[in-house]
Amino acid sequence: MSNVTSNATTQAGPLRHFLQFKDFTPDEIEYVLDRARLIKDKFKRYQPHHTLHDRTLAMVFEKASTRTRVSFEAGMYQLGGSVIHLTTGDSQLGRSEPIEDTARVVSRMVDVVMIRTFEQTRIERFAAHSRVPVINGLTNEYHPCQILADILTFIEHLGPIRGKTVAWIGDANNMSYTWLQAAELLGFTLHVSTPKGYELDPKLIGNPPAHILKIFADPIDACRGAHLVTTDVWTSMGYEDENDVRRKAFADWCVDTDMMSVADPKAIFMHCLPAHRGEEVTAEVIDGPQSVVWDEAENRMHVQKALMEFLLLGKVA
């Protein structure tokens, strides 16, 4: 809205949001990742990094969370700021207040907002009426903060991701769509294998180049030569009534040692968690030497600190 400006004391430059991965340029993504590595290094050496002193983060949860809440809340405190936690049960969001009105009010009182919700259009409506940056903590369609963390983890273990291959095995969900956006921006190849009837939605993927997206009917073929094999639960939040049907449909898409054995010899395994051992991944893989899921989980906090800092301060010299 042209008559709404951001809080002058909290925003460096034009108001920016991070609602999906492609909201940032490749250069901005690289900056956030580099900054996250610096911030993580200081965290590991117990060096304070209070660049967001006296800033306030509002976290709005319309979907339950463990990792998203802990990583954002701990991260903001570590940056010197404070946090307000809201759910539909303890706010007017659960009493039919228009989300546009919530955005107008909350964004006058805080410096940045993270939302974990359902449809992408819902967070877009909030952002359109917010005076401060809005971050997508997860929607049905996209999970950009998780992919930032995954790429940081990839870089830590295997170096630059450009030119590499990522194999996505399982459901075509918010993670897979965000991986595709990342592949197009950062120049790597995404292999996708899903059961019949659970393929990527053409309306969400557009027309990516053939060297960016490759589809495989057999998950073993998708894993062949991959530098990263990754998956997620077969039933995302909101689809619990499909549990039994999905277990049967996805039975051959459980990431196991056979899949990992055809990947690159140095390949790593990721899962955004929570995981169900014996369903989307075997215990031998997720608890094995190629798994980096715990580094991946921790890195949510570090990339989100860098992300909030960038949205509020711009690039810091």
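Side-chain atoms of Gln290 come within 3.5 Å of backbone N or O of Ala267 as a donor-acceptor pair. Using modelled atom types, no side-chain atom of Ser71 and backbone atom of Arg300 make a donor-acceptor pair closer than 3.5 Å. Put simply, the side chain of Gln181 gets close to the backbone of Lys22: a donor and an acceptor are under 3.5 Å apart. Of the possible donor and acceptor atoms, one in the side chain of Ser176 sits under 3.5 Å from a partner among the backbone N and O of Asn173. At least one donor-acceptor pair closer than 3.5 Å links the side chain of Asp23 to the backbone N or O of Leu19. With hydrogens and angles disregarded, a donor-acceptor distance shorter than 3.5 Å links the side chain of Glu141 to the backbone of Gln120. A donor-acceptor pair under 3.5 Å links the side-chain atoms of His227 to the main chain of Thr165, judged by distance alone. Using modelled atom types, one side-chain atom of His17 and one backbone atom of Val134 make a donor-acceptor pair closer than 3.5 Å. Judged by distance alone, with hydrogens and angles left aside, the side-chain atoms of Thr153 form a donor-acceptor pair with the main-chain N or O of Ala149 at under 3.5 Å. Between the side chain of His143 and the backbone N or O of Thr139 there is no donor-acceptor pair closer than 3.5 Å.
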Run Phe61 and Thr117 through side-chain contact (heavy atoms from CB on, under 4.5 Å) and show every step you take. CA-CA 6 Å; Phe61 289 96; Thr117 187; over 6 Å; no
CA sep, side-chain torsions, deciding dist, call: Asn140, Lys63, side-chain contact (heavy atoms from CB on, under 4.5 Å): CA-CA 10 Å; Asn140 290 347; Lys63 282 189 175 185; 2.7 Å; yes
One pair to check against side chain to side chain donor-acceptor pair (under 3.5 Å): Ser193 and Trp168. What are the steps and the verdict? CA-CA 6 Å; Ser193 181; Trp168 176 263; over 6 Å; no
Is there a side chain to side chain donor-acceptor pair (under 3.5 Å) between Glu280 and His271 once you walk through the steps? CA-CA 9 Å; Glu280 70 273 8; His271 190 307; 2.7 Å; yes
Given ring-ring contact (aromatic ring centres under 6.0 Å, His included), test Tyr31 with Phe24 step by step and report yes or no. CA-CA 10 Å; Tyr31 170 82; Phe24 283 8; 9.7 Å; no
Verdict with reasoning, Leu57 to Ile84, per side-chain contact (heavy atoms from CB on, under 4.5 Å): CA-CA 6 Å; Leu57 163 70; Ile84 298 170; over 6 Å; no
Pair Leu86-Met59, side-chain contact (heavy atoms from CB on, under 4.5 Å): steps then yes or no: CA-CA 6 Å; Leu86 299 171; Met59 303 189 302; over 6 Å; no
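When side chains are defined from C-beta on, Leu52 counts as touching Leu313, because their heavy atoms get closer than 4.5 Å. Contact check for Gln78 versus Ile39: no side-chain heavy atoms found under the 4.5 Å cut-off. Considering only heavy atoms from C-beta on, Ile268 comes within 4.5 Å of Met270 through its side chain. With a 4.5 Å cut-off on side-chain heavy atoms, Glu62 and Arg122 count as touching. Taking the side chain as every heavy atom from C-beta outward, Arg116 and Val60 never approach each other to under 4.5 Å. Counting only heavy atoms from C-beta outward, the side chains of Val113 and Pro133 never approach each other to under 4.5 Å. For the pair Ile212/Leu190, no side-chain contact is recorded, criterion being any heavy-atom separation below 4.5 Å from C-beta on. Counting heavy atoms from C-beta on, the side chains of Glu28 and Arg16 come closer than 4.5 Å.
Both Met114 and Val112 belong to a single network of hydrophobic side chains, linked directly or stepwise wherever heavy atoms of I, L, V, M, F, W or Y lie under 4.5 Å apart. Met76 and Phe43 fall into different hydrophobic clusters, where Ile, Leu, Val, Met, Phe, Trp and Tyr residues are linked whenever their side-chain heavy atoms come under 4.5 Å apart, directly or through other members.
In this view, Arg35 and Glu309 satisfy the salt bridge (charged side-chain N to carboxylate O under 4.0 Å, His left out) rule, not counting sequence neighbours. For Asn207, there are no side chain to side chain donor-acceptor pair (under 3.5 Å) partners, not counting sequence neighbours. Annotation: side chain to side chain donor-acceptor pair (under 3.5 Å) contacts of Asp221 (sequence neighbours excluded): Arg224. In terms of the side chain to side chain donor-acceptor pair (under 3.5 Å) criterion, Trp179 has no residue partners (sequence neighbours excluded). Remark: Thr194 pairs with no residue by the side chain to side chain donor-acceptor pair (under 3.5 Å) rule, at least two apart or across chains. In this structure Arg277 satisfies the salt bridge (charged side-chain N to carboxylate O under 4.0 Å, His left out) test together with Asp287, sequence neighbours excluded. In this view, Tyr77 satisfies the ring pair (Phe, Tyr, Trp, His ring centres under 6.0 Å) rule with no residue, not counting sequence neighbours. Not a single salt bridge (charged side-chain N to carboxylate O under 4.0 Å, His left out) links Glu119 to another residue, sequence neighbours left out. Under the salt bridge (charged side-chain N to carboxylate O under 4.0 Å, His left out) criterion, Lys315 pairs with Asp27, sequence neighbours left out.
Using bins of under 30°, 30° to 60° and over 60° for the plane-to-plane angle, the ring pair His191/Phe216 lands in the tilted bin.
Tested against Val166 for a side-chain contact (heavy atoms from CB on, under 4.5 Å), the candidates Asp150, Val229, Leu228 yield a single pass: Leu228.
If you check the side chains of Asn174 and Gln146, you find no donor sitting under 3.5 Å from an acceptor.
A distance of 11.0 Å separates CZ of Phe154 from CG of Leu186, quoted to the nearest 0.5 Å. Here the OG atom belonging to Ser291 is positioned 8.5 Å from the CE atom belonging to Met260, to the nearest 0.5 angstrom. Atom CD of Gln20 and atom CG of Asn136 lie 8.5 Å apart (nearest 0.5 Å). Taken from CE in Met175 to OH in Tyr142, the straight-line distance is 14.0 Å, to the nearest 0.5 Å. Going from atom CE of Met301 over to atom CZ of Arg67 covers 14.5 Å, rounded to the nearest 0.5 Å. For the atom pair Ile99 CD1 and Asp101 CG, the distance stands at 10.5 Å (nearest 0.5 Å).
Contact check on Arg247 versus Glu279 returns a salt bridge, with a Lys/Arg side-chain nitrogen under 4.0 Å from an Asp/Glu carboxylate oxygen. Using a 4.0 Å cut-off between charged nitrogen and carboxylate oxygen, Asp41 and Arg37 do not count as a salt-bridge pair.
For the salt bridge (Lys or Arg N to Asp or Glu O under 4.0 Å) condition, no pair includes a residue of residues 255-269, sequence neighbours left out. Residue pairs that meet the salt bridge (Lys or Arg N to Asp or Glu O under 4.0 Å) test with at least one member in residues 191-218, sequence neighbours left out, do not exist here. Contacts classified as salt bridge (Lys or Arg N to Asp or Glu O under 4.0 Å) and involving residues 161-178 (residues at least two apart or in different chains) are given here: Asp171-Arg246.
The aromatic ring centroids of Tyr198 and Phe250 lie less than 6.0 Å from each other.
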